[in-house]
Participant: 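Take a look at this one; I'll ask things after.
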Amino acid sequence: MLVSVGLASAYGRQGIRVNAINPGVTLSERAKAGHAAEAKTLGITEEQARQQGEQGFRLDATPGRGNRGIAVFLASDRASYVTGTVISMDGATTATIV
C-alpha cells in the first residue's frame, strides 16, 4: 500500500498514476505448495488442507469477478483522478480503513 502511495506522490506531477488491485486469496502455485506442506504436516489430503485454508474467505467473490472490470476502469480516462490507491477485490475478507 505504501509503495503505491509513494510512487503516486513521486510521479503524479508528471501525469503518471499509480494504483494497485489486491485480488485477495487466489489458488496460485505458492498457495498449492502451502496446502501440500500443510497436508503433510497434518496427515490429511491436499484437498482437505485447501478447504481448511479457504474457511473464512469468501472465495465465491474472488478472483476475477470484477478484477478485470476495475483494471479496465483504472486504465481508462474515467479514472484520471484516481491515483495512489489500493483497491481490495477480496470478497470483503480484508478490513481496510483509509
Participant: Identify all side-chain donor-acceptor contacts of residues 73-80 below 3.5 Å with residues at least two apart in sequence or on another chain.
Facilitator:
| unit_1 | atom_1 | unit_2 | atom_2 | d |
| --- | --- | --- | --- | --- |
| Ser76 | OG | Phe73 | O | 2.7 |
| Ser76 | OG | Arg78 | N | 3.2 |
| Ser80 | OG | Asp77 | O | 3.2 |

Participant: Hydrophobic cluster membership, with links at side-chain heavy-atom distances under 4.5 Å among I/L/V/M/F/W/Y: are Ile21 and Val82 in one?
Facilitator: yes
Participant: Only counting residues at least two apart or in another chain, list the ones meeting side chain to side chain donor-acceptor pair (under 3.5 Å) with Thr45.
Facilitator: Gln48
Participant: Looking only at heavy atoms, what is the nearest atom pair of Asn19 and Thr83, with distance?
Facilitator: OD1-CA, 3.3 Å
Participant: If hydrophobic clusters are built from ILVMFWY residues whose side chains come within less than 4.5 Å, do Ile70 and Tyr81 share one?
Facilitator: yes
Participant: Within this structure, what is the CD1-CG distance for the pair Ile87 and Asn22, rounded to the nearest 0.5 Å?
Facilitator: 10.5 Å
Participant: Might you point out which heavy atoms bring Val18 and Ser4 nearest each other, and give the distance in Å?
Facilitator: CG1-O, 3.8 Å
Participant: Taking salt bridge (Lys or Arg N to Asp or Glu O under 4.0 Å) as the cut-off, I'd like each qualifying pair that reaches into residues 38-47, sequence neighbours left out, listed once.
Facilitator: Glu47-Arg50
